[in-house]
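Chain naming here is simple, since letters A, B, ... match the order of the sequence lines and numbering starts at 1 in each.
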Amino acid sequence: MTPLRVLTLLFLLLGVLSASASAIERFPPPEFTQHTLPETAVPVPRAAAWDYIDSVVLLAALAAASYLSLARRSRRGLFVLMLFCLLYFGFWREGCICPIGAVQNVALALFDSGYALPWVALVFFALPLVFSLFFGRSFCGAVCPLGAIQDVVVLRPVSVPRWLQHGLGLLAYVYLGAAVLFAATGSAFIICQYDPFVSFFRLSGSINMLILGACLLLIGMFVARPYCRFLCPYGALLRVVGHLSRWRVTITPTECIQCRLCADSCPFGAIEPATTTQLPAIQASDKKRLGILLALLPVLILGGGFLVSRLSVPFSRMHATVRLAEQVAREQADRTRETTDASDAFRTTGEPLESLYARALAKRRQIGRGAWLLGGFLALVLGCKAIRLAVYRRRSEYQADRGYCLSCGRCYAYCPMDPRNQQAQPIEHGDDT
Amino acid sequence: MSKEKKPFNRRDLLHGGLQGACLLGLGGLSGALLAGGGKAESTVWQIDPYKCVACGNCATYCVLKESAVKCVHAFALCGYCDLCTGYFEPEPAELDTGAENQLCPTGAIQRTYIEDPYYEYTIDEALCIGCGKCVKGCNAFGNGSLFLQVRHDRCLHCNECSIAAACPSQAFRRVPASQPYLLKEADHAG
Ligand code: SF4
Ligand code: SF4
Ligand code: SF4
Ligand code: SF4
């Protein structure tokens, strides 16, 4: 095989000589007379019509969920709608795009003018928020496929102590803040990377995410909807907006007689008992506490910003350019170090080192500024939580907390004042359907 | 939905104000984004073939069991070489279609004789796993007419492509769904 070997060597030489590697006419394409060149096939993406169909289905489902939860007060109806949405948005559309992830697209579009936000992402981001401004979290009740897959496995929910529920609930804001920071700086879409259920919808995906999803579903049998209550970044937004909602889920259709029958009916711990009237002395001390908290808030925000900004170096490593620059710098310092695919690829581009370092530094600065904002935001959330806990709210009836109620409709079956419950239905069994 | 009639108080005012502010904010945000976005068409993921270094991640990082990325061939760029460095092992024992001589681990490239001394190479996409071995070979010593592309009949259009997050050369980018491919062209300077 010597002639072949010589030929191979020749090619090797040729390859080395021609420095830039791509699409070079080393061998002029032949001019065939008889043979016609085949076409390169370009299968088209799914039709743009799906964008319209998805938006219409979302709008219709939100309207139906709001109607069923507030006007019809029908848990059965909500459950059927929820199954439909699980099948449609989850298994049929394979969980992409969803409002939770759309938060990142919106954040990226706000800070990167080079990114044109697809209108369908904006629709998915905004519609559920608008609805929750009027009707409470009807999106979570029956439309969200991630909520639905957790809702169908709720088996024997235990009640989570109030302090734990509120404490863990803060995690969602951390997740939201981090997701916005990394999306806005073009580092990563962490909500998509760590979506626990999308691999179920697609019936494929990385094994780690499958395990994570399975664990959440297992936990979800006993701690109802753990992702929704403690992690979901979009849920955190909906929680805030839900507090402002025009109408809300009311457990009783008429008047609360404070029978306490509904007290434990909510698997998500959203039902707040009626309160007794407050003594004037306590009221006064509450006012003082509120004043102190309000005065402390700016300090808290600055402190939070400072603390989190200490993390800007590790944060910035989420960005590919920063990682690349660090790798290249290490290789420059230690020539024996093995190069990576990324640094090899960088060297073929011929970009000067300084320009890469400058880009990475600019990114790190930007992420550093973002980290200040993130810290301030988290401190603000913490402060608002403290204020909310400090402020006394009078409740003359058992109420679903606007922020935490997911509009699932389970509690409707427990109120003895509802004429539908006064007929034969045994109220102990107001189960899932 | 029933809301008992109460005299208007401070809390209601605050509530209504915040509500209005929220609506206005959402509306303003949407308006600004739509106005700034211009053509806000849906996007899909695609590989810039001039950036791709055929690292092999495309075969393994896709969320699909069998990657949505496949090798495609720009026939107009191909030299129709007998000794195709995208098709053959670096030191093939024989210039024939024996599996042991081929670069492609799944034998997805078909070699057909056209006329002396030209051979045509076509990709059987059902077999291709998008590993980019042939792309590397073709880029190194050939015309670079073999390259990787996201095939949109298979791709799920993830909001963030898992391969894009793992791509060492940042070759992935969002392209408008109406122009979903970045094919190598004969007249590309680069
Ligand atoms: S909290 Fe999040 S995951 Fe749960 S239903 Fe609402 S949007 Fe969906
Ligand atoms: S509708 Fe009732 S049971 Fe369901 S989340 Fe709201 S308060 Fe809880
Ligand atoms: S991950 Fe990037 S560099 Fe590697 S084969 Fe895919 S497109 Fe090419
Ligand atoms: S967008 Fe998703 S399906 Fe398409 S190539 Fe990337 S990971 Fe694979």
Exercise: identify the closest heavy-atom pair between [X] and [Y]:
{"X": "B:Gln19", "Y": "A:Ser245", "value": "NE2-C, 3.6 Å"}
{"X": "B:Leu77", "Y": "A:Pro29", "value": "O-CG, 3.8 Å"}
{"X": "A:Ala41", "Y": "B:Arg151", "value": "O-NH2, 2.6 Å"}

Interchain contact, [X] with chain A, by part (heavy-atom threshold 4.5 Å):
{"X": "B:Ile123", "result": "neither"}
{"X": "B:Glu115", "result": "side chain"}
{"X": "B:Leu18", "result": "both"}
{"X": "B:Gln149", "result": "neither"}
{"X": "B:Ser42", "result": "both"}
{"X": "B:Leu14", "result": "neither"}

Measure the shortest side-chain to side-chain distance between [X] and [Y] over non-hydrogen atoms and say whether it is less than 4.5 angstrom.
{"X": "B:Val53", "Y": "A:Asp344", "answer": "no"}
{"X": "B:Leu156", "Y": "A:Arg202", "answer": "yes"}
{"X": "A:Leu37", "Y": "B:Tyr80", "answer": "yes"}
{"X": "B:Tyr50", "Y": "A:Thr349", "answer": "no"}
{"X": "A:Gln104", "Y": "B:Glu160", "answer": "no"}

Review point. So, B:Ser169 side chain and A:Ala345 main chain: donor-acceptor pair closer than 3.5 Å or not?
Key: no
Check your understanding: A:Arg26 side chain to B:Asn143 main-chain N or O, any donor-acceptor pair under 3.5 Å?
Key -> no
**Study point:** Partner chain B: residue of A:Ile97, A:Leu203, A:Leu122 with the largest heavy-atom pair count (under 4.5 Å)
**Key:** A:Leu122
Exercise for review: Find the one option among A:Gly95, A:Pro28, A:Pro45 whose heavy-atom pairs under 4.5 Å with chain B are most numerous.
Suggested key: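 Of A:Gly95, A:Pro28, A:Pro45, A:Pro45 has the most heavy-atom pairs under 4.5 Å with chain B.
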Check your understanding: Would B:Arg174 count as a cation-pi partner of A:Phe189, with NZ or CZ less than 6.0 Å from the six-membered ring centre and within 45° of the ring normal?
Key ->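 The answer is yes; both the distance and angle limits are met.
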Practice item. Run the numbers on B:Tyr181 and A:Thr40 for side chain to side chain contact (heavy atoms under 4.5 Å, CB included), then give the verdict. Key: CA-CA 11 Å; B:Tyr181 290 91; A:Thr40 309; over 6 Å; no
Point to revise | Top contributor to chain A contacts, counting heavy-atom pairs under 4.5 Å, from B:Val63, B:Val44, B:Thr43 | key: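 The option with the most such pairs is B:Val63.
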Study note, to complete from the structure: Value for CG (B:Leu23) from CG (A:Leu133), rounded to nearest 0.5 Å, stands at 4.5 Å
Point to revise | Separation between SG of B:Cys158 and CD of A:Glu94, rounded to the nearest 0.5 Å | key: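 Output value for this atom pair is 9.0 Å.
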**Study point:** Worked check of ring-ring contact (aromatic ring centres under 6.0 Å, His included) between A:Phe32 and B:Tyr118
**Key:** CA-CA 10 Å; A:Phe32 293 116; B:Tyr118 297 129; 5.5 Å; yes
